[in-house]
Amino acid sequence: MTDSKPTLVSGVKPTGELHIGNYFGAMRQFVELTKADEYKPFIFVADYHALNTMQDAEEMRQRTREVVMAYLAVGLDPKDVVFFKQSDVPAHTELCWIFDAITTMPYLMRAHAFKDAEVRNKEINVGTFNYPMLMAADILLYDAAIVPVGADQKQHVEYTRDTAEKFNRIFKEEIFKLPEPYILPDTAVVPGTDGRKMSKSYGNVIPLFASHNELAKCVMGIVTDSSGDRPENVYAIHKLVRSESELTTIYGSNAGNYKALKEMLIEDLDRYFTPIRAKYEELKNDSGVVEEILEKGKREARAVSEEKMEVVRRAIGVA
Ligand code: ADP
Ligand code: TRP
């Protein structure tokens, strides 16, 4: 890694069990992007962001570990990436406080995520209200050039740009660089076992780390309609793991035989995910590896962010 490459920053919240929709829709492209030798990537587990909704210590520990292992299992290489936990780097919350001081309440009240949360629950917590400022700190600390995120996070990156501009204007120095969002290409929505978008909130998922038996149970439960020869919900998932030309032959010679097609899908999914699952199991059994990676990430991220904070503290006059 050389320092002349533009910096890439992104965070992943440690919430919920990952499914193959997350994998094909986001994780895979995300890992590819960090592998491209074009950027210097900083990737972190956004545990302090998750604290707004996940307030159980055991669950926090467990989910954090899981998300780290999941990203390593799908190919994120800690050699290419500074991979760390947000809570391990105090500069994130420190800079968030500084941004709070220059940001107005009406401005934060206009954020979509805040408005949506408020509709659901008037007793919204301050952390949820302030979410965009912590995210701005996450990004601006590392002078990010690009921020790969899902489309729903675009406004948060705009808030980050506004905050950088405002800070630079108030303190009359170009301290922060304006980042660009990089919206992950939305590969066709992965359908769930009931044909709707695969989502943990619909209970129609195929877990990314399912055992063979769990996988078989999920696939056998795929809803099929009997109007045609080809079970569309089965096919739509199948084409993620096998070429369409091969599938044309397979679905042609098994027309109407849904059971055989589902059995083939089980085998194909199993084959596709076996190496990823094996890597995950290996990480699960190797108790020290996650800690070791996070420890290294912590040192690297602290060094970079601390240097930035010295500049920031001088600019605002506390140092
Ligand atoms: P869920 O809907 O299960 O709660 P999340 O909202 O946590 O999933 O999604 C995390 C990432 O995975 C997002 O970037 C989203 O674009 C992607 N993703 C989730 N479900 C799908 C799907 N069914 N098809 C394609 N991408 C998906
Ligand atoms: N808000 C992002 C999400 O919900 C997670 C996140 C936190 C993030 N900090 C970030 C993403 C900084 C990109 C950059 O997915």
Side-chain angles (χ1 to χ4, degrees), residues 10 12 16-38 70-77 148-154 182-281:
S10 197
V12 263
E17 187 184 26
L18 294 161
H19 52 74
I20 69 167
N22 299 136
Y23 175 74
F24 289 109
M27 295 172 85
R28 193 172 54 163
Q29 293 86 301
F30 189 66
V31 170
E32 285 307 311
L33 196 62
T34 60
K35 275 196 177 145
D37 205 25
E38 294 165 42
Y71 273 88
L72 296 173
V74 303
L76 196 77
D77 187 340
V149 281
D152 61 328
Q153 296 295 313
K154 192 161 178 253
Y182 177 95
I183 305 298
L184 288 167
D186 192 12
T187 30
V189 171
V190 176
T193 53
D194 60 359
R196 290 186 293 171
K197 173 185 181 270
M198 186 176 290
S199 171
K200 38 180 189 291
S201 42
Y202 294 154
N204 62 356
V205 307
I206 300 180
L208 183 53
F209 299 108
S211 65
H212 179 88
N213 286 347
E214 283 171 275
L215 193 65
K217 205 164 154 239
C218 293
V219 172
M220 284 304 172
I222 294 178
V223 179
T224 46
D225 74 31
S226 46
S227 60
D229 283 343
R230 193 170 89 175
E232 293 303 332
N233 292 341
V234 179
Y235 185 84
I237 297 175
H238 217 152
K239 72 180 193 282
L240 298 166
V241 291
R242 195 140 181 177
S243 76
E244 296 207 43
S245 60
E246 284 178 310
L247 289 182
T248 308
T249 318
I250 296 170
Y251 280 69
S253 53
N254 289 282
N257 189 350
Y258 292 2
K259 184 156 179 287
L261 290 168
K262 282 182 171 178
E263 277 164 2
M264 270 182 257
L265 174 58
I266 295 168
E267 292 318 310
D268 288 343
L269 282 172
D270 214 17
R271 195 172 325 109
Y272 188 96
F273 286 109
T274 289
I276 293 180
R277 215 159 55 202
K279 178 84 189 156
Y280 189 78
E281 288 305 316

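Position 1 is the first residue of the sequence; numbering continues from there.
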Inset, instruction - Look up atom CD1 in I222 and atom CD1 in I206, then write down how far apart they are to the nearest 0.5 Å. - result: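 One gets 5.0 Å once the value is rounded to the nearest 0.5 Å.
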Legend entry - Worked check of side chain to side chain contact (heavy atoms under 4.5 Å, CB included) between K262 and T224: CA-CA 10 Å; K262 282 182 171 178; T224 46; 4.0 Å; yes
Inset, instruction - Could you tell me whether a side-chain N or O of R277 sits under 3.5 Å from a main-chain N or O of A210, the two making a donor and an acceptor? - result: yes
Legend entry - Sidechain-backbone polar pair: N204 side chain, D194 backbone, donor-acceptor under 3.5 Å: no
At their closest point, which heavy atom of [X] faces which heavy atom of [Y], and how far apart are they?
X: P207; Y: I20; result: O-CG2, 4.2 Å
X: S201; Y: S199; result: OG-OG, 2.8 Å
X: A260; Y: N254; result: CB-OD1, 3.9 Å
X: R28; Y: Y272; result: NH1-OH, 3.6 Å
X: E17; Y: N22; result: O-OD1, 4.3 Å
X: V74; Y: I276; result: CG1-CG2, 4.0 Å

Legend entry - Full working for side chain to side chain contact (heavy atoms under 4.5 Å, CB included) between L208 and M27: CA-CA 11 Å; L208 183 53; M27 295 172 85; 3.9 Å; yes
Inset, instruction - Show your reasoning for whether side chain to side chain contact (heavy atoms under 4.5 Å, CB included) applies to L247 and Y235. - result: CA-CA 8 Å; L247 289 182; Y235 185 84; 3.7 Å; yes
Legend entry - All salt bridge (Lys or Arg N to Asp or Glu O under 4.0 Å) counterparts of D37, not counting sequence neighbours: K5
Inset, instruction - Before accepting this row, confirm whether a basic side-chain N of the pair E263/K259 lies closer than 4.0 Å to the acidic partner's carboxylate O. - result: yes
Legend entry - Pairs meeting criterion ring-ring contact (aromatic ring centres under 6.0 Å, His included) with involvement of residues 189-221, two or more places apart: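 Listed once each, the pairs are F209-Y280.
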Legend entry - Residue that, paired with M220, satisfies side-chain contact (heavy atoms from CB on, under 4.5 Å) out of L215, I266, T193: I266
Inset, instruction - Carefully, step by step, assess E244 and Y251 under the rule side chain to side chain donor-acceptor pair (under 3.5 Å). - result: CA-CA 10 Å; E244 296 207 43; Y251 280 69; over 6 Å; no
